[in-house]
Amino acid sequence: MKVRTRFAPSPTGFMHIGNLRTALYAYLFARRHNGDFLLRIEDTDTERYVEGAIDTIYNTLSKAGIDIDEGPFKDGGVGPYIQSLRKDIYMRYAEELVQRGGAYYCFCAKERLDTLCDANGIKRYDKHCLRLSKEEIAAKLASGVPYVIRQNMPTEGESSYVDMVFGKISVPCSELEDNVLLKSDGMPTYNFANVVDDHLMGITHVMRGTEYLSSTPKYNLIYDSFGWQRPQYMHLPPIMKDAQRKLSKRYGDANFEDFLNKGYLPEAIVNYIALLGWSPKGNEEKLSMAELIDMFGVEGVSKSSSIFDEQKMRWLNALYLREKTTEEFCILATPFYQRSKVAGKYDYALLSKLLHQRVEILSDIPGMVDFLEEFEAYELALYEHKKMKTDALVARTAVQGALRCLKDIEFTEEQVMAALTAESEGLGIKKGQMLFCVRLAITGKASTPGGAVEIAELLGKEESLRRLEFSLRLLEK
RNA sequence: GGCCCCAUGGUCAAGCGGUUAAGACAUCGCCCUUUCACGGCGGUAACAGGAGUUCGAACCUCCUUGGGGUCACCA
């Protein structure tokens, strides 16, 4: 049988990293087995629907490099792929399930439901309407009493299945409640729509979060009542913010789009989340989509939750950034130059040459480059460098010398370098000491995206000399 | 609380009865170097605890502890 997997998000207007990983695994699994990957929108909860959410889902998947074989805008013959458009289908199947004894009509009012409690004080339906006679049901239906359709759970025994990652899961049927399958507004609940759709759409493998691990037996019972074949399940542990908290919308940083805006490359994000909860056989961690498809398998999927480590994603991002050409980097970096103090004032291509190999995420750029426009008094302690054997005293000599030798030359990289080299020899200090001090004197920063000569050239002669003089005054105090 | 699940360094994780318990990120040190970064080399750092089973347990069993999930006309 051809493998078919699906990603079935609710259109809540937000593409969470955890959801994206679920989609990714479903996609990788399908591709690995030459199967199909479908997108289905689960919008049966009309109250949670957010305008434009479907576009967000589409855009995210597309940027992430996850392509869809069938979905709302790409019919594969088993549509529609939006649940609200399938209302009549669920209705039909719900009625059939009632015929088969797997479900029943329930006319209980909210007030009655609220009084129902089990020994632990937990609300639980008591199968009251299951005992209604055919005539009573027909009469209520005819007189238009609002109703829902509930799943008829067995009261004894246990229901079990074998999950692809967790192995055998079994739950006592006594734990299972007669959940609502069809709401009074005629919409199905997740419990029902999911089963009906997965079956009708030919889904063979269901990937989803572990929050469904222990309710899956319920869904399986529906498959059984219909006489349908149950799919395989791959439940995925959650991605956490820390040991206790799940990564979530509430903490704001779990959104794919946010990471993009921070200057993460989609391929780095995808690569990183693929590794969160799954590990490849070998030791290679930088993996392209093609490699992921080739290597993905359940054996590597982890059972325990994992904490999202942005630091490691930064590292991966840096790897991806470095393998771009400087031209490509410049294009990616431009929006971030625009956002910085140097906006419009420097040659971005020149800046990119220096920054390309030093940037981990693009949003670091402004902070790395602002010193070009921002120069003020700094700590003289910066001149103390153990290995260079420099201090404020050496610096004074070096800066004086630099000022002297740079005044009358043409400001090219070669000339500046030659002048500083010669000057340091004349002063009897090391070239490294000279360059270190000059770099500091013209930037005021411990760390800069280039050496003295490169920065000097970037600043130009006038500004370089101005800064040298400024620093000299600082050093002479 | 009932039920389900999970548990290897700070983090991601390999490991499927016999290993000096991989590797990566982070961290620290050294080297390279015109700063920073890159790169190279090296270090610190883990089997939650307790009982079994076994000649032998990170791996199997049980208990404890800790954590997560779930118990909706939400998905």
Side-chain angles (χ1 to χ4, degrees), chain A residues 8-10 12 42-45 47-48 106 110 113 118-124 146-150 163 166-167 169-172 174-177 179-191 193-194 208-217 235 237-238 240 242-246 272 275-286 299-300 302-316 318 322 354-355 357-360 368 382 385 387-388 390 417 420-421 430-440 443 445-455:
Chain A
S10 310
T12 54
E42 310 225 327
D43 60 345
T44 55
D45 184 5
E47 300 196 353
R48 293 212 308 179
C106 171
K110 188 175 180 300
L113 262 22
D118 72 359
N120 288 315
I122 290 169
K123 258 204 287 188
R124 193 181 179 83
Y147 68 93
V148 298
I149 291 180
R150 285 182 185 274
D163 182 85
F166 288 91
I169 304 291
S170 42
V171 174
S174 57
E175 288 295 321
L176 274 20
E177 199 186 353
N179 294 296
V180 170
L181 263 23
L182 204 74
K183 304 186 242 186
S184 53
D185 65 358
M187 277 291 198
T189 57
Y190 172 85
N191 307 231
N194 219 258
R208 50 157 59 141
T210 46
E211 61 266 33
Y212 298 104
L213 195 64
S214 57
S215 50
T216 296
H235 289 282
M240 313 288 283
D242 55 41
Q244 270 75 248
R245 294 173 295 178
K246 233 169 148 172
Y272 177 67
L275 258 24
L276 251 198
W278 170 77
S279 71
K281 285 263 186 287
N283 273 337
E284 193 53 50
E285 295 198 295
K286 180 168 173 295
E299 323 77 49
S302 146
K303 292 184 194 180
S304 48
S305 56
S306 29
I307 298 173
F308 189 86
D309 180 10
E310 192 170 342
Q311 200 135 212
K312 184 149 184 178
M313 187 162 77
R314 278 183 81 100
W315 165 76
L316 260 176
R322 277 183 216 124
L354 293 180
L355 289 166
Q357 301 299 318
R358 299 172 218 257
V359 169
E360 281 191 315
M368 295 172 79
L382 286 174
H385 192 290
K387 266 190 289 190
M388 285 294 162
T390 57
M417 183 55 136
L420 290 176
T421 306
K430 285 191 177 153
K431 183 165 107 177
Q433 293 177 306
M434 169 62 91
L435 293 163
F436 175 81
C437 292
V438 170
R439 189 189 62 83
L440 250 169
T443 63
K445 293 272 183 231
S447 147
T448 54
V453 176
E454 288 160 321
I455 305 287

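Residue numbering restarts at 1 for every chain, and letters A, B, ... go by the order of the sequence lines.
At the phosphate of B/C6, neither OP1 nor OP2 sits under 4.0 Å from any side-chain N or O atom of A/S305. Between A/K312 and the phosphate of B/U11, there is no side-chain N or O to OP1/OP2 separation shorter than 4.0 Å. Here A/K183 reaches the OP1 or OP2 of B/A75: one of its side-chain N or O atoms lies under 4.0 Å away.
As judged by a 4.0 angstrom heavy-atom cut-off over every strand, A/Y272 is placed among residues making no nucleic acid contact. Using a 4.0 Å heavy-atom cutoff across all strands shown, A/S184 reaches at least one base atom of the nucleic acid. Backbone-only contact: A/R322 has heavy atoms under 4.0 Å from sugar-phosphate atoms and none from a base. Residue A/S215 is classed as having no contact, given no heavy-atom separation below 4.0 Å to the nucleic acid. At a threshold of 4.0 angstrom between heavy atoms, the contacts of A/K286 with the nucleic acid are absent. Within the nucleic acid shown, A/T44 comes within 4.0 Å of sugar-phosphate atoms alone, with no base atom in reach, counting heavy atoms only. Contacts of A/Q433 with the nucleic acid, taken as non-hydrogen atoms under 4.0 Å apart, are absent. Counting non-hydrogen atoms under 4.0 angstrom, A/A452 reaches a base of the nucleic acid. Residue contacts for A/M388: at a heavy-atom cut-off of 4.0 Å it reaches the sugar-phosphate backbone alone, with no base atom in range. No engagement by A/T12 is indicated, since no non-hydrogen atom pair under 4.0 Å with the nucleic acid exists.
The side chain of A/L113 sits closest to B/C73 out of B/C73, B/A75, B/A37. With distances taken from any side-chain atom of A/F436 to the nucleotides B/U35, B/C5, B/C25, the minimum falls on B/U35. Of the candidates B/G23, B/C5, B/C73, the closest approach to any side-chain atom of A/T189 belongs to B/C73. Comparing B/A26, B/U35, B/C74 by their nearest atom to the side chain of A/Q311 picks out B/A26.
B/U53 and B/C63 are spaced 15 Å apart, taking the C1' atom of each and rounding to whole Å. Spacing of P atoms, B/U20 relative to B/C3, comes out at 43 Å, to the nearest Å. Atom C1' of B/A75 sits at a distance of 46 Å from the matching atom of B/C38, rounded to the whole Å. Between the P atoms of B/A14 and B/C60, the separation comes to 14 Å (whole Å). Taking atom C1' on both B/G17 and B/G56, the two are 8 Å apart, rounded to the nearest angstrom. The gap from the P atom of B/A26 to that of B/C16 amounts to 28 Å, rounded to the nearest Å.
Between A/E360 atom CD and B/A26 atom C1' the separation is 11 Å, expressed in whole Å. Spacing between atom CE of A/M187 and atom C1' of B/C74 amounts to 14 Å, rounded to whole angstrom units. At whole-Å resolution of the value, CD in A/E285 and P in B/G23 are 12 Å apart.
Residues meeting the side-chain contact (heavy atoms from CB on, under 4.5 Å) test with A/P172, sequence neighbours left out: A/S174, A/E175.
Ring pair A/H385/A/F436: centre-to-centre distance below 6.0 Å.
With the nearest nucleotide of RNA chain B identified for both A/S302 and A/N283, A/S302 has the one nearer the 5' end. Judged by closest nucleotide on RNA chain B, A/P172 is the one of A/P172 and A/G277 placed further toward the 5' end.
Pairing analysis of RNA chain B (Watson-Crick: purine N1 to pyrimidine N3 plus N6-O4 or O6-N4; G-U wobble: N1-O2 and O6-N3; both under 3.5 Å) yields stems of 3 or more pairs at B:1-7 with B:65-71, B:10-12 with B:23-25, B:27-31 with B:39-43, B:48-52 with B:60-64.
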